[in-house]
Amino acid sequence: MMTRQEPLRSGYGQKTTASEVIGNLRLDGCVAVVTGGYAGIGLETTRVLAAAGAHVIVPARDVAKATVALSGVANVTIDELDLGAPATIDAFAARFGEGPLHLLINNAGIMAAPLSRDARGLESQLAVNHVGHFRLFARLLPALRRAKGARVVALSSRGHVRSAFDFEDPNFERRPYDKMVAYGQSKTANVLFAVEADRRYQPDGIRAFSLHPGAILETDLARNYDPEELKLVVERARRIGSFKSVEQGAATTIWCATSSQLAGFGGVYCENCDVAPVKTEGDDGVRPYAIDPVIARRLWEWSEQATAPVD
């Protein structure tokens with residue numbers, strides 16, 4: 001049963017913080033995995049979940065950096081994982097073991113990266129932002145099933161409006177490379193992933209959501225912009241009033257992961273702690289191509305091929 005992509009009037013908004021969303025909710029006994037959970041809004045997500053009693057596992061490409069960032073935060077385990085390196089994803093999932101996984105939060109990502117491709121030929125933003133998380137979900141699927149009521153949260157972006165998924169040339173082998181088009185394609189893939197994951201695994205008690213966290217300056221996501229590009233991005237965000245603090249930026253993640261308002265729901269794209277409207281233009285909402293169930297199924301099949309063993 002698909003959830004309608006329309007606002008719930010949740011009572012929250014753009015200025016709501018992650019702590020306000022979770023309130024007095026306790027998550028004792030809950031196990032969460034938060035990729036990139038040691039910087040920016042990922043760090044705030046980890047802090048809020050751990051403070052509520054969840055055991056949060058933070059897979060990190062830079063274990064030393066994660067150790068410093070999470071020093072003093074209780075209920076947290078740091079492990080090694082690089083979303084661009086398939087073997088590390090498989091190894092992480094193997095180490096996870098036989099327990100249940102209640103929350104998988106696909107938070108990590110890269111943005112506006114110069115053109116590069118991995119050994120599989122995948123463009124780097126697509127490889128890290130979508131394919132790596134797709135592989136992680138697939139490897140952790142048994143643990144999500146064991147939870148008997150799990151949520152998967154895929155952090156997308158308003159940047160999905162920059163591009164649909166190009167099945168003819170996803171890795172920019174024939175078309176000119178545009179780093180923001182590539183980013184947009186990867187963020188559209190995040191939304192489509194949630195649509196199809198929810199459809200496939202709802203019978204197993206697994207619900208999936210995607211979201212736009214907002215424009216947050218206090219992260220290193222924009223490190224690949226040159227100064228003039230960053231100035232234009234900041235000016236646009238300021239003009240449309242989309243800036244958020246880190247605490248506000250993590251709020252929609254926490255809402256998707258924990259809110260009882262979403263009980264029985266799934267497969268939707270959210271922003272500002274609510275289900276977003278569908279729009280074909282403008283500065284908010286989700287584009288129709290990002291939630292199209294036919295495209296979502298096609299991307300799932302493409303992703304399975306992209307993560308299949310090489311003979």
Side-chain angles (χ1 to χ4, degrees), residues 3 17-60 66 70 73-79 81 83 89 92-93 95-109 132-156 190-191 193-194 197-198 200-202 204-211 213 249-270 273:
T3 303
T17 67
S19 294
E20 289 170 343
V21 168
I22 205 163
N24 295 322
L25 179 67
R26 295 300 303 170
L27 297 174
D28 303 279
C30 175
V31 178
V33 168
V34 182
T35 66
Y38 58 100
I41 59 175
L43 175 56
E44 180 66 8
T45 298
T46 298
R47 286 172 173 161
V48 169
L49 292 175
H55 174 212
V56 184
I57 302 170
V58 177
L70 293 165
V73 181
N75 301 329
V76 173
T77 299
I78 300 167
D79 203 342
L81 180 146
L83 288 165
I89 298 171
F92 170 82
R95 289 192 299 272
F96 183 86
E98 299 299 319
L101 175 60
H102 304 87
L103 297 175
L104 172 59
I105 299 179
N106 296 338
N107 168 86
H133 279 124
F134 181 90
R135 188 183 193 97
L136 180 63
F137 169 83
R139 299 299 183 267
L140 292 176
L141 181 57
L144 290 163
R145 283 180 165 136
R146 287 192 291 268
K148 302 185 185 303
R151 290 190 187 184
V152 178
V153 181
L155 271 76
S156 178
N190 295 151
V191 185
F193 161 79
D198 190 76
R200 286 177 178 248
Y201 300 108
Q202 185 181 151
D204 296 312
I206 300 169
R207 305 310 302 260
F209 305 87
S210 63
L211 66 96
T252 304
T253 299
I254 295 298
W255 188 71
C256 289
T258 68
S259 178
S260 61
Q261 291 178 308
L262 289 171
F265 289 12
V268 289
Y269 172 92
C270 303
C273 303

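Values in this document were obtained by computation on a predicted structure and should not be read as measured data.
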Can you confirm whether Val268 sits close enough to Cys270 that some side-chain heavy atom of one is under 4.5 Å from a side-chain heavy atom of the other? yes
Short question: side chain of Arg207, backbone of Asp198 - any donor-acceptor pair under 3.5 Å? no
Which heavy atom of Leu101 sits nearest to which heavy atom of Leu104, and what is that distance? CD2-CB, 4.2 Å
Can you name the nearest heavy-atom pair linking Leu25 to Ala52, along with the distance? O-CB, 3.6 Å
Just how far is it from atom OG of Ser156 to atom CZ of Phe209, taken to the nearest 0.5 Å? 15.0 Å
Are Thr258 and Leu27 side-chain neighbours, meaning at least one heavy-atom pair lies under 4.5 Å? yes
Which atom of Ala50 lies closest to which atom of Val73, heavy atoms considered: CB-CG1, 4.2 Å
Could you give the distance from CG (Asp204) to CZ (Arg145), rounded to the nearest 0.5 Å? 4.5 Å
Would you check, one step at a time, whether the test side chain to side chain contact (heavy atoms under 4.5 Å, CB included) holds for Tyr201 with Leu141? CA-CA 9 Å; Tyr201 300 108; Leu141 181 57; 3.6 Å; yes
Please report the shortest heavy-atom distance between Thr35 and Ala108, naming the atom on each side. OG1-N, 2.9 Å
Are the side chains of Gln202 and Ile206 in touch, meaning some heavy atoms are under 4.5 Å apart? no
For the residue pair Leu81 and Pro59, what are the closest heavy atoms and their distance? CB-CB, 3.6 Å
State whether the side chain of Thr3 and the backbone N or O of Gly266 hold a donor-acceptor pair below 3.5 Å, judged by distance alone. yes
Short side-chain to backbone donor-acceptor contact, Asn106 and Ala154, under 3.5 Å: no
Going from CD1 on Ile89 to CZ on Arg139, what distance comes out if it is rounded to the nearest 0.5 angstrom? 8.0 Å
Evaluate the side chain to side chain contact (heavy atoms under 4.5 Å, CB included) criterion for residues Ile57 and Val76: first the C-alpha distance (whole Å), next the side-chain angles of each, then the deciding distance (0.1 Å), finally the verdict. CA-CA 6 Å; Ile57 302 170; Val76 173; over 6 Å; no
Using ring centroids (six-membered ring only for Trp), state whether Phe137 and Phe193 fall under 6.0 Å. yes
Please report the interatomic distance CZ(Phe92) to CG(Leu83), rounded to the nearest 0.5 Å. 10.0 Å
Looking at Arg151 and Ala208, would you say the former's side chain and the latter's main chain have a donor-acceptor pair under 3.5 Å? no
Residue pair Leu262 / Trp255, side-chain heavy-atom distance below 4.5 Å: yes
Can you tell if the side chain of Thr77 reaches within under 4.5 Å of the side chain of Val56, non-hydrogen atoms only? no
Against Val58, only a single residue in Thr46, Thr45, Asn107 fulfils side chain to side chain contact (heavy atoms under 4.5 Å, CB included); can you say which? Thr46
Where do Arg146 and Gly97 come nearest, in terms of heavy atoms and distance? NH2-O, 3.1 Å
Mind checking the CG-OG1 spacing from Leu211 to Thr253? Nearest 0.5 Å is all I need. 4.5 Å
So do Thr252 and Pro213 actually touch side chain to side chain, heavy atoms under 4.5 Å? no
Counting N and O atoms only, with roles assigned by atom type, does the side chain of His102 sit under 3.5 Å from a partner on the main chain of Ala147, one being a donor and the other an acceptor? no
Point-to-point distance, once rounded to the nearest 0.5 Å, from CG of Leu49 to SG of Cys30: 7.0 Å
Would you say the side chain of Ser210 lies within less than 4.5 Å of the side chain of Leu155, judging by non-hydrogen atoms? no
